[in-house]
*Asks:* 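Got a structure here, written out as structure tokens. Questions coming.
Throughout, protein chains are lettered first and strands after them, A, B, ... in sequence-line order, and every chain is numbered starting at 1. Basis for what follows: all heavy atoms, side chains included, without hydrogens, waters or symmetry-related copies.
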Protein chains: 2
Amino acid sequence: MQNISKEDYLSAIYKYRETDGTIKANRIADKLSISNAAVTDMLKKLANDGFVDYKRYKGIRLTKNGEEYAKNMVRRHRIWEVFLHQIVGMPWDKVHEEAHNLEHGASDELINKMEEMLDFPEFDPHGDPIPDKNGLLPKQRHTIPLSLAAKGEAVEVVRVNDFDNSFLKYLSGIGIKLNKKLTIKNVLGFDKSMIISIDNKEVNISSTIAANVFVHRKN
Amino acid sequence: MQNISKEDYLSAIYKYRETDGTIKANRIADKLSISNAAVTDMLKKLANDGFVDYKRYKGIRLTKNGEEYAKNMVRRHRIWEVFLHQIVGMPWDKVHEEAHNLEHGASDELINKMEEMLDFPEFDPHGDPIPDKNGLLPKQRHTIPLSLAAKGEAVEVVRVNDFDNSFLKYLSGIGIKLNKKLTIKNVLGFDKSMIISIDNKEVNISSTIAANVFVHRKN
DNA sequence: GAATTAATTTAAGCAAGCTTAAAATTATTG
DNA sequence: CAATAATTTTAAGCTTGCTTAAATTAATTC
Ligand SMILES: [Mn+2]
Ligand SMILES: [Mn+2]
Ligand SMILES: [Mn+2]
Ligand SMILES: [Mn+2]
């Protein structure tokens, strides 16, 4: 397509649509930090390109083509993130921005080559799933927010919300990364903050932090 | 700067300016496949930004700032080329285009990291010099076009012209790559084509091919 | 169900980066 | 040095992607 704007719109629609597949223009505008008028404008173009179904004042949803395109963009983004993290050694709080600036430029050939180098990773550095070359996603894992784990439970970190870099940096600062095992030592009734054991050290994390870390139960 | 067009103009001016540092608008238009009118337009903007010295109908040259910026773009491009070639295994006839599409997106931080991973390469996959972080170029090597080598000479490939992919592909097809050693077995008077020995095989190459391969004498 | 509020679209306009055609300037040459 | 040629600039106009303000439509609430 060779059009950064359109690609960003498609990615955003895919990423932020509701479970029924629809999305409000409002939300797109929000996520892209752009006016509603601009969104209306672009929706007409995307509809014209056959990427979205759109009737004025009615709902918005990706067509089959649009979903395919968007999913490929997500794939490109996440493979970049893994590559930057694993191969280049970039910390997980910096890969998103860098990947975002590279995802439009790389050829599919390069993306596929990187994927191969990485041995076909299924998840990005934040635990988000990577669609394969055919658009297939790895089978979904059942996770719970760390904030729902109870005193005494042993869990493994499986995914973290990736929309705030300082949050990610904080996490790695206290030793939390993907696949890390934690034990919940205590949950304070006062503010629902948790004392967790990680690498044999104990740290206290707020309930807000805990709500943005997703885990598997291990016992 | 975050402006792909301007960056491409600066790179082109740097790359294609004459030895006295000037360049004609004409030539920029040519190299960027763009109209002269568009070039005039952009020159005003670049002058306004302090990147070029420009007076209408007079010569064009980069300011100190402009040269610095341009040199950094060349650096970014060439480090990408080395990275794609060495780390990702992309053939030398494909790295230029891919690097061109990535050079605007990457952060300087990423570029520096890649440079370090590559152990501070001095030349790109086609033998072109890479400015270091401070804009310093490796000291210039004295080379001659292969077409000027004489029967019996042993030479080493040091640089190839990189503006035609099929040429590059042809070269690697017959085993020519950077640092390769060759011996000139014969030069045909008829068309100045050469018979060279490479990896104990003999191949005939046209004088045009030979004129675009640059070598060191080895004896 | 009418009134209010929220969401969306239209209208008008702007900047960037192009185009072609015409005009102006500079360079070359007979 | 005058004529011609080459180069560069100006003028007018187009598309893309954005903006704000006003108008329209849909959704919510009393
Ligand atoms: Mn991301
Ligand atoms: Mn991610
Ligand atoms: Mn190149
Ligand atoms: Mn090169």
*Asks:* Under a 3.5 Å cutoff, is there a donor and acceptor pairing between the side chains of A:Asp191 and A:Ser193?
*Replies:*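 The criterion, which ignores hydrogens and geometry beyond distance, is satisfied for A:Ser193 and A:Asp191.
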*Asks:* Please list every donor-acceptor pair under 3.5 Å in which a side-chain atom of residues 142-150 of chain A meets a protein atom from a residue at least two apart or in another chain.
*Replies:*
none

*Asks:* Nearest-Å distance, CG (A:Leu46) to C1' (D:dG17)?
*Replies:*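 Distance, rounded to whole Å: 12 Å.
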*Asks:* So which of residues 16-36 of chain A are in contact with DNA chain D, with a heavy-atom cut-off of under 4.0 Å?
*Replies:*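 By residue number: A:Ile34, A:Ser35.
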*Asks:* Answer yes or no: is there a donor N or O on one side and an acceptor on the other, between the side chain of A:Arg75 and the main chain of A:Gly135, under 3.5 Å?
*Replies:*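 No: the side chain of A:Arg75 does not pair with the backbone of A:Gly135.
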*Asks:* Which parts of residues 50-60 of chain A get close to DNA chain C, meaning a heavy atom less than 4.0 angstrom away?
*Replies:*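 Within residues 50-60 of chain A, the residues near DNA chain C are A:Tyr54, A:Arg56, A:Tyr57.
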*Asks:* May I ask you to decide if the ring planes of A:Trp92 and A:His126 are parallel, tilted or perpendicular, using 30° and 60° as cut-offs?
*Replies:*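 Taking A:His126 first and then A:Trp92, their aromatic rings lie parallel (interplane angle under 30°).
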*Asks:* Suppose we screen for ring pair (Phe, Tyr, Trp, His ring centres under 6.0 Å). Which residues come up paired with A:His216, at least two apart in sequence or across chains?
*Replies:*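 Testing A:His216 for ring pair (Phe, Tyr, Trp, His ring centres under 6.0 Å), a comparison that skips the adjacent residues, returns none.
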*Asks:* Provide, to the nearest angstrom, the distance between the NZ atom belonging to B:Lys44 and the P atom belonging to C:dC18.
*Replies:*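 Whole-Å distance recorded here is 15 Å.
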*Asks:* Go along nucleotides 11-16 of chain C 5' to 3' and tag each nucleotide: B for a protein heavy atom under 4.0 Å from its base, S when only backbone or sugar atoms are that close, - otherwise.
*Replies:* B----S
*Asks:* We want to know whether A:His104 and A:Asp8 form a side-chain donor-acceptor pair, criterion being a heavy-atom distance below 3.5 angstrom.
*Replies:*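 On atom types as modelled, these side chains qualify, holding a pair under 3.5 Å.
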*Asks:* How would you list all residue pairs meeting salt bridge (charged side-chain N to carboxylate O under 4.0 Å, His left out) that involve residues 85-104 of chain B, not counting sequence neighbours?
*Replies:*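 The answer is A:Glu109-B:Lys94.
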*Asks:* Once the angle between the rings of A:His96 and A:His100 is folded into 0 to 90°, is it parallel (under 30°), tilted (30 to 60°) or perpendicular (over 60°)?
*Replies:*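 Judged by the thresholds at 30° and 60°, the geometry between A:His96 and A:His100 is parallel.
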*Asks:* Can B:Thr22 and B:Asp20 be counted as having a side-chain donor-acceptor contact under 3.5 angstrom?
*Replies:*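 There is such a pair (donor and acceptor under 3.5 Å, judged by atom type) between the side chains of B:Thr22 and B:Asp20.
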*Asks:* Will you find, in the side chains of A:Ser166 and A:Asp164, an N or O donor that is under 3.5 Å from an N or O acceptor?
*Replies:*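 A pair is found: one side chain offers a donor N or O, the other an acceptor, under 3.5 Å apart.
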*Asks:* With a 4.0 Å cutoff (strictly under), does any side-chain N or O of A:Tyr9 reach OP1 or OP2 of D:dT16?
*Replies:*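 No, no such contact exists.
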